[in-house]
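All ligand and atom numbering here is 1-based and tracks the order in the structure. Owing to the predicted nature of the structure, the values given are computational and were not obtained by experimental measurement.
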Amino acid sequence: MSWWRRGVIYEIYPRSFQDSAGDGVGDLRGITERLPYVRDLGVDAIWLTPIYESPQRDFGYDISDHCAIDPRYGSMEDFEALTARAHELGLKVLVDYVPNHTSDLHPWFAERPDFYLWHDGPPPNNWIAVFGGPAWEQVGDRSYYHAYLPEQPDLDWRNPAVREAMYDVLRFWIDRGVDGFRVDAMRQLLKDPQLRDNPPNPDYEPGQPEYDSLIPLHTTDLDEVQEIVAEMRGVIGDDRLMIVEVYAEIERLVRYYGEGGRGAHLPFNFHLISTPWEAEAIGALIERYEAALPEGAWPNWVLGNHDRPRIASRVGAAQARVAAMLLLTLRGTPTLYYGDELGMADVDVQRFDPAGRDPERTPMQWDDGGGFTSGEPWLPYGDLAINVEAQREDPGSMLSLYRALLRLRRDFAEADYRTLHAADGVLAYARGERTAVALNLTGEPRPLPVAGDVLLSTHLDGGGDGLRGDEGVVLRL
Ligand code: GLC
């Protein structure tokens, strides 16, 4: 059985996890120092967002050398030491892979114009960049396409030489012993060769991000992308995990599992992030997702990442505990964003990120002085009352809840899922024959819709009468 079916993935944003050099920016040695914490938490794998050489316009997602470590984060030796230590501790290491674009400072951009999407003439259509503004940048009498920043030109995946060069990048990291890849922006890889305009989005309302004003019909999720997914999976193989980042409707998303399981092992399921925090809506989401999964496909769930507001800010501190129970008791591989296990919230800061994502990227809070760096942290800390040291020995803390859930879930990780109740603020479901979960998504008491012995309450006190406000319970049936 593949480890990742029972496993839990922990996303680390290297800039913000632990600084060992005192420059206020996290680094690989810092991560290595903190691996025992990650192991003790009870997760199975770490995913590192990009650590490669980069001008950092999009904080590592603009890569100038895919096969070199950015000196801000350390050296290749540091990466090897990190991987060796992780493996010693029984942790898998997943790295980010960014195939859609490079930095404009990548040598290819100057030396291999055929590797990019150049158009002779001014911008040929209405395509908009994800971060806003036109997706074409005019240089003299020619223009190039960029799905994200102008400093992130898109590669031309219709060029076989691009494919080979980018598959070599996968092989390079496979040779360095990584256990898998998180593939960035998978749905963006191919664009309409006829360069047709994207249609207007009839549901668009002023004030929403500019990107949403069009339906990205001709720039994302083209059917042919599936051929590349399958090819990539061929290179990554069966023994390493392939996760792909795809924001799409469930029925489109599940296509990324590929025909006969020859695609991604896990197309990231982000739908919990965008679904209203209501029992009916979440219950319907789970049903729709479970029903859409192709034969043999393994589900997965995500509550937050480096691109989206933190769960504690979205649903509040009390419901963040219920959210933790949901994430870790659904059927499928959970991905947990660093700091969510403490209840870290968004920090009100807007300094660096061109797309406004600084609030969810602030430094990990290790103790009441921060503990992330001996210098000045690149982004400010949040409320430092929320920290690892304070929560480690506190039996009622969020961290204790995460640890308890991570232990308990092993008993039913692969059991069937069945909805029992999704109404009046309460979502309840069974996992196999012996376990049930009941979540109160409101602040008011609610009756328990299913009888059983409380194995774990989000209040960490053995459970009360019925469901208390903001309480979730795991029950033995
Ligand atoms: C993905 C990353 C995001 C990045 C973008 C462009 O969505 O998660 O952080 O900005 O791709 O690479």
Side-chain angles (χ1 to χ4, degrees), residues 9-17 26 46-66 70 73 94-106 109 116-117 127-133 135 137 144-155 157 166 169 181-191 209-212 216 219-221 225 242-248 253 256 264 266-271 273-274 300 302-310 335-338 346 350-362 379:
I9 298 165
Y10 185 76
E11 176 184 356
I12 292 181
Y13 196 69
R15 249 187 125 71
S16 293
F17 201 60
I46 55 169
W47 149 37
L48 304 176
T49 61
I51 49 178
Y52 318 112
E53 196 183 279
S54 159
Q56 308 285 329
R57 301 301 298 256
D58 187 15
F59 292 100
Y61 284 97
D62 50 324
I63 298 173
S64 51
D65 185 345
H66 296 92
D70 193 291
Y73 301 138
L94 312 176
V95 293
D96 223 293
Y97 173 61
V98 187
N100 181 66
H101 45 268
T102 68
S103 161
D104 59 339
L105 299 184
H106 193 296
F109 195 55
Y116 295 85
L117 287 163
W127 294 352
I128 294 175
V130 175
F131 298 151
E137 181 78 2
Y144 67 86
Y145 177 78
H146 56 89
Y148 297 90
L149 297 173
E151 294 86 354
Q152 291 168 296
D154 277 41
L155 288 165
W157 274 80
M166 285 306 295
V169 172
F181 298 91
R182 174 271 190 188
V183 184
D184 186 67
M186 189 76 222
R187 68 178 191 142
Q188 304 274 359
L189 250 56
L190 294 175
K191 299 59 157 150
E210 187 189 359
Y211 183 67
D212 297 336
T219 43
T220 66
D221 197 21
V225 169
M242 174 175 173
I243 308 178
V244 295
E245 184 206 29
V246 179
Y247 286 89
L253 173 66
Y256 288 76
L266 303 175
F268 260 148
N269 168 12
F270 297 121
H271 287 272
I273 300 180
S274 47
N300 79 95
V302 182
L303 269 186
N305 59 33
H306 63 286
D307 294 325
R308 294 289 184 268
R310 283 191 182 268
T335 300
L336 164 59
Y337 187 45
Y338 84 94
D346 290 346
Q350 219 44 267
R351 280 190 202 162
F352 301 112
D353 182 53
R357 295 164 296 184
D358 290 349
E360 60 263 28
R361 297 175 173 182
T362 59
L379 284 176

Can you tell me which residue and heavy atom of the protein come closest to [atom], and the distance to 0.1 Å?
atom: atom 1 (C) of ligand 1; result: Asp184 OD1, 2.7 Å
atom: atom 8 (O) of ligand 1; result: Asp307 OD2, 2.4 Å
atom: atom 6 (C) of ligand 1; result: Asp58 OD2, 3.4 Å
atom: atom 7 (O) of ligand 1; result: Glu245 OE2, 2.7 Å
atom: atom 5 (C) of ligand 1; result: Tyr148 CE2, 3.7 Å

inquiry  = According to side-chain hydrogen bond (donor to acceptor under 3.5 Å, both in side chains), who are the partners of Asp62, at least two apart in sequence or on a separate chain?
reply    = Ser54
Partners meeting side-chain hydrogen bond (donor to acceptor under 3.5 Å, both in side chains) with Arg57 (sequence neighbours left out) = Glu151
query = Does Arg361 count as lying over the ring of Phe17, i.e. NZ or CZ under 6.0 Å from the six-ring centre, within 45 degrees of the axis?
reply = no
message = Under a 4.0 angstrom heavy-atom cut-off, which atoms of ligand 1 come close to Arg357?
response = 3 (C), 4 (C), 9 (O), 10 (O)
request  = Enumerate the atoms of ligand 1 whose separation from the nearest heavy atom of His101 is less than 4.0 angstrom.
outcome  = 6 (C), 12 (O)
Taking a cutoff of less than 4.0 Å between a non-hydrogen atom of the residue and any ligand atom, is [X] in contact with ligand 1?
X: Arg182; answer: yes
X: Phe131; answer: yes
X: Arg361; answer: yes

Compute the ring centroids of [X] and [Y], then answer whether they are less than 6.0 Å apart.
X: Phe131; Y: Tyr148; value: yes
X: Tyr337; Y: Trp47; value: no
X: His306; Y: Tyr61; value: yes
X: Tyr10; Y: Tyr338; value: no

